[in-house]
Number of protein chains: 2
Amino acid sequence: MNKTSLYKGCLEPIILKLLDDNGRMYGYEITQKVKEATAGELNITEGALYPLLHRLEAEGVLEVEMENIGNRVRKYYSLTKAGKKEKSKAVLELENFKNTLQLLLNPKLA
Amino acid sequence: MNKTSLYKGCLEPIILKLLDDNGRMYGYEITQKVKEATAGELNITEGALYPLLHRLEAEGVLEVEMENIGNRVRKYYSLTKAGKKEKSKAVLELENFKNTLQLLLNPKLA
DNA sequence: ACCAATACATTGGAATCTTAGGCATTAGAA
DNA sequence: TTCTAATGCCTAAGATTCCAATGTATTGGT
């Protein structure tokens, strides 16, 4: 990520949401997609991403398909059934979090 | 905080905003105010709050006034001049962060 | 021929919070 | 009246999560 890093803790839900929207993606693609989707605001570092993907795979949240592109190997990740549940929960929490931030930023309606 | 802690990294801007809105507050008051303002969603732990207040004071962002309430001592914190600048910056970043989350949660308008 | 981009990965360390304590005063319930 | 919960301050050890740096290899453009 970047700056003083407010995004800490949000990476996982963001990735799950992305994979749900796009079906399947590979690591590098994720970093580019996030950069693009946030107009350059959020840059996921590979040192954060790859370990996370590996963990989510180990937990059964993601599954992998290897694919050969020329002489290069891509690892496509997608949500498992358990992963879809996880994703739903995570997105709700993230939405809730965003709304709570809104409350704190705009406490006028008290 | 709580849960898997999405709020990680947001504590500082939240505190600065609160202090700007309320003029001056003491630690315990902050924890209660945040709990109330977020309908119980966000519970700041004292182990996170007090070290942060001390750091911000050391950095010249906050200043302290001791006050005796009966036999008890309260430490009222308020923003310094530098703190007000810091707060403005932090709030902008937090708002920006919130908007970016919105983008990620709702990428329809692409 | 060389550099940037693509694509994977690991490692050490910094930053931030949680858990779990500790101390003292005060208000309220049993 | 005694004991618990709430008020109010605090610290220390540890977990989590991410960043920066680094490594390897292929590919496309100049």
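Residue numbering restarts at 1 for every chain, and letters A, B, ... go by the order of the sequence lines.
- Out of D:dC18, D:dT27, C:dC17, the shortest distance to the side chain of A:S5 is found at D:dC18.
- Without hydrogens or angle criteria, B:T80 side chain to B:G60 main chain gives a donor-acceptor distance under 3.5 Å.
- With distances taken from any side-chain atom of B:E46 to the nucleotides D:dC10, C:dA7, D:dT17, the minimum falls on D:dC10.
- Nearest to the side-chain atoms of B:Y50 among the listed nucleotides C:dC17, D:dT11, C:dA7 stands D:dT11.
- When the options A:K75, A:R24, A:R72 are evaluated for a side chain to side chain donor-acceptor pair (under 3.5 Å) with A:E67, the one that passes is A:R24.
- The distance between atom CG of B:L49 and atom P of C:dT19, rounded to the nearest whole Å, is 16 Å.
- Judged by distance alone, with hydrogens and angles left aside, the side-chain atoms of B:D20 form no donor-acceptor pair with the main-chain N or O of B:L16 at under 3.5 Å.
- In the set C:dT26, C:dA9, D:dT11, the nucleotide with an atom closest to the side chain of A:Y77 is C:dA9.
- A heavy atom closer than 4.0 Å to some atom of DNA chain C occurs in A:Y26, A:G27, A:Y28, these being the qualifying members of residues 20-28 of chain A.
- Closest contact between the side chain of A:H54 and the listed nucleotides D:dC10, D:dG8, C:dT10 involves C:dT10.
- As a whole-Å value, the separation of A:E67 CD from C:dC8 P is 12 Å.
- Here the OH atom belonging to B:Y7 is positioned 7.5 Å from the CG atom belonging to A:L104, to the nearest 0.5 angstrom.
- Of the residues near DNA chain D, A:I69 and A:P51, the one whose nearest nucleotide (by heavy atom distance) lies more toward the 5' end is A:P51.
- Look at CE on A:M66: it is 12 Å from C1' on C:dA9, rounded to the nearest Å.
- With rounding to the nearest 0.5 Å, the separation of CG in B:L62 from OH in B:Y76 is 15.5 Å.
- Residue B:R72 places its side chain closer to C:dT26 than to any other of C:dT26, C:dC8, C:dC17.
- Looking at the side chain of A:Q32, the nearest of the listed nucleotides D:dC18, C:dT6, D:dT17 is C:dT6.
- For the OP1/OP2 pair of D:dC10 and a distance below 4.0 Å, the side-chain nitrogens and oxygens of B:K75 include at least one atom meeting the criterion.
- Separating the CD atom of B:E65 from the P atom of D:dC9 is a distance of 14 Å, rounded to the nearest angstrom.
- To the nearest 0.5 Å, atom NZ of residue A:K17 and atom CG of residue B:N106 are 7.5 Å apart.
- When distances are taken from the side chain of B:A48 to each of C:dC17, C:dA15, D:dT27, the shortest belongs to C:dC17.
- For A:Y76 and C:dT6, the OH to P distance is 14 Å, given to the nearest whole Å.
- Mapping A:G47 and B:G47 onto DNA chain C by nearest heavy atom places A:G47 closer to the 5' end of the strand.
- Mapping B:R74 and A:N71 onto DNA chain D by nearest heavy atom places B:R74 at the nucleotide closer to the 5' end.
- Closest approach of A:L103 to B:A37, counting heavy atoms only: CD1-O, 3.6 Å.
- OP1 or OP2 of C:dT16 lies within a sub-4.0 Å distance of a side-chain N or O belonging to B:R55.
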